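Here is the structure we will look at, set down as structure tokens.
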Amino acid sequence: MKIQIERTQNPRPKKNSSELGFGQFFSDHMFVSEYDSKQGWHSARIIPYQNLSIDPAASVLHYGQALFEGMKAFYQTNGEMVLFRPEFNAERFREGAKRLCMEAPPVEDFIQAVAELVRVDHDWIPSEKGCSLYIRPTLIGHEGFLGVRPSNKYMFYVILSPVGAYYKEGQKPIKIWVEEQDLRAAPGGLGAVKAGANYAASLQAALKAKQKGYAQVLWLDSEREFVEEVGTMNVFFVFKNEIVTPELSGTILPGGTRQCALQLLKDWKLPIVERKIKISEVIAALEKGELLEAFGTGTAAIISPIGELNYKNKNYDVSNQKTGPLADRLYKEITGIQYGEIPDRHHWIKKISV
Ligand SMILES: Cc1ncc(COP(=O)(O)O)c(C=O)c1O
């Protein structure tokens, strides 16, 4: 793919890593390419970060034809600039596009777009450990029409945001509200893909949880019986005799960090299983002192220990509100590989030359 590059004349001021937070600031440039049925994907370009101009009747604005990805670039300890598992995100993007009847760029073009944009804005990658450049590839249907059918025009764009730690609490365990009213995803719906619509469905419960003092919600299935995900993360429970993560049921996002955690737990010969887990099983284990740890996995926070669960208005402490040893070990191993301090045995790292 040929990419035209127009560099900004007005570079933005950069922030100190302590001010970054998550997704508040954006780099100087963005990647954009467009698709229509006659020309296919065309006009690939890197341009100064700017507003989009789309038809007010664009399908994304009315019927939610929108899909995104979340991935990261790092400076490793030896100064090498790298991406973490870009093929995984490119392939998940194509799967998501298929479900939403959208056209997605080929895997090689997705990776080239991301790598080239990161190269152009490499001085936006924060160098402190714990910080990274978050990458947000996005696909929208932007044909202007008001019939309900898939758009014939798509825009693929990528923006970059330097980020610090995801939670204000840092790696400290988070408080979780078990949500029994709202549903993130239903069987046959969009739960297994990163459709913007899933996040719209999740806002009300997340807001309610926040107002009650909880950082995220634990989502249950449509019968409110089985555990699905925690906020925007997959969830793992460390029981006395086994480690369990919900099996991919079609309503759960197949997370990249989940896949890494499964691989590492298998490498360490620990008893990890993917199966259905009832919320009643989690609560019974908590009551018997047999739930040793629980944590979420996701690109933004990597591993997020759970310190407290509220179910039916009763609070349960998890791991005495401390980060458990397995959450800590997984966090250190994954970030160690990302920052080049631990050998990349599974080829998760892709180097980008300056
Ligand atoms: C709903 C949801 N579940 C799980 C995850 C974790 O996926 P990944 O590990 O690929 O970031 C995410 C994204 O971060 C998400 O939005």
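No hydrogens, no waters, no symmetry mates; every other heavy atom, side chains included, goes into these values. All values reported here derive from a predicted model rather than from experimental measurement. Remember, it's 1-based here, ligands and their atoms both numbered in the order they're listed.
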Point to revise | Structural part of I252 in contact with ligand 1, heavy atom criterion under 4.0 angstrom | key: neither
Check your understanding: Checking side-chain contact (heavy atoms from CB on, under 4.5 Å) for the pair F236/I272: CA distance, chi angles, key distance, verdict?
Key -> CA-CA 9 Å; F236 285 69; I272 170 69; 4.0 Å; yes
Practice item. May I ask you to identify, for R92, whether its side chain, its backbone, both or neither come under 4.0 Å of ligand 1 on a heavy-atom basis? Key: side chain
Review point. Taking only heavy atoms of T297, which atoms of ligand 1 are found under 4.0 Å from at least one of them?
Key: 6 (C)
**Study point:** R136 side chain vs E69 backbone, donor-acceptor pair below 3.5 Å
**Key:** yes
Exercise for review: Could you say whether the N/O atoms of Y199 and ligand 1 ever approach to under 3.5 Å?
Suggested key: yes
Check your understanding: Who gets closest to atom 13 (C) of ligand 1 by heavy atom: E229, K194, M233?
Key -> K194
Check your understanding: So which of S202, G296, G256 gets nearest to atom 10 (O) of ligand 1, if we judge by its closest heavy atom?
Key -> G256
**Study point:** Carboxylate-amine/guanidinium contact K351 E80, below 4.0 Å
**Key:** yes
**Study point:** Salt bridge flag under 4.0 Å for residues K14 and D123
**Key:** yes
Review point. Which of the atoms of ligand 1 are close to G298, meaning less than 4.0 Å from one of its heavy atoms?
Key: 6 (C), 9 (O), 11 (O)
Review point. For atom 12 (C) of ligand 1, which candidate among T232, N234, N198, V230 provides the closest heavy atom?
Key: T232
Practice item. Return yes if some donor-acceptor pair links the side-chain N/O of N234 with the main-chain N/O of T257 below 3.5 Å, else return no. Key: no
Point to revise | Heteroatom proximity flag, T257 to ligand 1, N/O under 3.5 Å | key: yes
Revision key, fill the gap. for atom 7 (O) of ligand 1, nearest protein heavy atom and its distance come out as G255 CA, 3.4 Å
Review point. When you check the gap from the basic side-chain N to the acidic O, do E143 and K153 get nearer than 4.0 Å?
Key: no
Exercise for review: May I ask whether M71 has any heavy atom positioned less than 4.0 angstrom from an atom of ligand 1?
Suggested key: no
Review point. R184 heavy atoms, cut-off 4.0 Å: which ligand 1 atoms fall inside?
Key: 1 (C)
Exercise for review: May I ask you to identify the nearest protein heavy atom to atom 11 (O) of ligand 1, giving residue, atom name and distance to one decimal place in Å?
Suggested key: T299 OG1, 2.6 Å
Check your understanding: Does Y199 use its side chain to pair, donor to acceptor, with the backbone of T232 at less than 3.5 Å?
Key -> no
Review point. Does Q112 reach the main-chain N or O of M1 with its side chain, forming a donor-acceptor pair under 3.5 Å?
Key: yes
Check your understanding: Are S319 and E293 close enough that a side-chain donor and a side-chain acceptor fall under 3.5 Å?
Key -> no
